[in-house]
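Note sheet for the following structure.
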Amino acid sequence: MIDHATQKLYIGIDAGGTKTDVHWRYLDASGRFEDDGANATRDGIDQVVATFAGCIEEVVARSSRSAQQPPRTIEICAGVAGAGSLDVRELLEAQLAGMLGSRLGPEVQVLVRVVTDAELALFAAHGLGPGAVVVLGTGSIALLKTPDGRVIVRGGLGYLLGDEGSGYALGRAAARYAARHTEQGERSALAQALLDALGAVDRESLIRIVY
């Protein structure tokens, strides 16, 4: 006989611009899977909530089948790219809790905590203690948590203003390099390799492919 007080489903969500990584644990069962990327700034709150709701419903179905008992409480912690604003995080929490409450019914208690994906990485690396984390790639950012609990942030400006080291930034730099060599009429071996990889033969085709 399962004690209803122990019927808690724990869900951790790491949502970045490229993919959403979902981990869950319920009683003696656990699992993980991936879904589409979710970025609050790029995709908007409604799209992020819809992506998360689909992921969580999938987790509820999997966990219920594994334990043959539906969860009574669902505790969710989601680290979301593009959710640097407190207003955005609070809105995500409220909308996600409301949507799940309407879908799962009043007998299931839903608790939601939304942080940034960088904060999630900081906690994973250092727990509640001081430390630093640097994320390089899509959503590049650096966070430092001081011994007195302050969190200092550098970067996190998004793919247009920042994201140094990301696939987008490197790809843009490569396309610019190829474009400049094409305009100058002098193609280095690297510029030619980049043009071949893009399927471009001249300046006009390069612009058309990129845009």
Side-chain angles (χ1 to χ4, degrees), residues 12-23 31-55 58-59 77-85 88-89 92 114-126 131-145 151-211:
I13 301 175
D14 182 8
T18 305
K19 66 177 181 178
T20 295
D21 197 11
V22 182
H23 292 251
R32 69 171 297 272
F33 61 91
E34 294 179 359
D35 207 321
D36 296 334
N39 182 300
T41 300
R42 181 194 67 194
D43 304 324
I45 290 175
D46 290 344
Q47 181 58 48
V48 172
V49 169
T51 298
F52 284 5
C55 291
E58 174 66 21
V59 170
C77 181
V80 185
S85 165
V88 169
R89 295 195 297 273
L92 279 169
V114 174
V115 299
T116 67
D117 54 341
E119 288 178 279
L120 201 64
L122 183 65
F123 179 79
H126 303 288
V133 64
V134 178
V135 180
L136 297 177
T138 304
S140 62
I141 190 171
L143 274 75
L144 168 67
K145 186 175 183 180
V151 176
I152 301 170
V153 180
R154 293 293 183 269
L157 300 175
Y159 70 97
L160 290 178
L161 299 177
D163 280 9
E164 296 83 354
S166 70
Y168 182 92
L170 294 175
R172 181 176 57 188
R176 283 176 173 171
Y177 177 86
R180 290 188 180 120
H181 276 253
T182 301
E183 289 176 338
Q184 295 166 1
E186 299 175 0
R187 297 184 184 178
S188 66
L190 176 58
Q192 187 60 55
L194 292 168
L195 290 169
D196 292 343
L198 289 168
V201 295
D202 53 23
R203 179 179 183 275
E204 286 68 29
S205 63
L206 174 62
I207 294 172
R208 184 175 65 252
I209 289 168
V210 168
Y211 284 97

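Computed from a prediction, not measured in an experiment: that's the story for all the values here. Reckoned from all heavy atoms, side chains included, excluding hydrogens, waters and symmetry mates.
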Approximate separation, where rounding is to 0.5 Å, of [X] [atom1] and [Y] [atom2]:
X	Y	atom1	atom2	value
Leu190	Tyr177	CG	OH	4.5 Å
Gln47	Arg42	CD	CZ	9.5 Å
Asp202	Thr182	CG	OG1	8.0 Å
Arg176	Leu194	CZ	CG	14.0 Å
Thr51	Asp43	OG1	CG	7.0 Å

So, the side chain of [X] versus the backbone of [Y]: is there a donor-acceptor pair under 3.5 Å, distance only?
X	Y	result
Arg89	Gly84	yes
Thr41	Gly82	yes
Ser140	Val135	no

Which atom of [X] lies closest to which atom of [Y], heavy atoms considered:
X	Y	result
Ala178	Leu206	C-CD2, 4.2 Å
Ala191	His181	CB-CB, 3.7 Å
Gly199	Ile209	O-CD1, 3.4 Å
Val133	Ala121	CG2-CB, 4.0 Å
Ala78	Phe52	CB-CE2, 3.8 Å
Val210	Ala175	CG2-CB, 4.3 Å

Notebook entry, point to check: What do you reckon, is CZ of Arg172 surrounded by more than 12 foreign heavy atoms closer than 6.0 Å?
Noted result: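 More than 12 within 6.0 Å, yes.
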
Next item on the list: List the steps, then state whether side-chain contact (heavy atoms from CB on, under 4.5 Å) holds for Ile45 with Val88.
Entry: CA-CA 8 Å; Ile45 290 175; Val88 169; 4.3 Å; yes

Is there a side-chain contact between [X] and [Y], using heavy atoms and a 4.5 Å cut-off?
X	Y	value
Val201	Leu195	no
Val59	Phe33	yes
Val49	Leu92	yes

Item checked: side chain to side chain contact (heavy atoms under 4.5 Å, CB included) involving Leu170 - partner list, sequence neighbours excluded ->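 Leu170 satisfies side chain to side chain contact (heavy atoms under 4.5 Å, CB included) with no other residue.
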
Note to self: For Asp21, give me all partners under side chain to side chain contact (heavy atoms under 4.5 Å, CB included), at least two apart in sequence or on another chain.
What the structure shows: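 Counting only residues at least two positions away or on another chain, Asp21 forms a side chain to side chain contact (heavy atoms under 4.5 Å, CB included) with Asp14, His23, Arg32, Glu34.
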
Note to self: So if I apply the side chain to side chain contact (heavy atoms under 4.5 Å, CB included) rule between Val114 and each of Val48, Ile13, Val80, which one comes out positive?
What the structure shows: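 Result for side chain to side chain contact (heavy atoms under 4.5 Å, CB included) with Val114: Val80.
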
Check: Should Glu119 and Leu143 be marked as a side-chain contact (heavy atoms from CB on, under 4.5 Å) after you check the CA-CA gap, both sets of side-chain angles, and the distance that decides it?
Finding: CA-CA 8 Å; Glu119 288 178 279; Leu143 274 75; 4.2 Å; yes

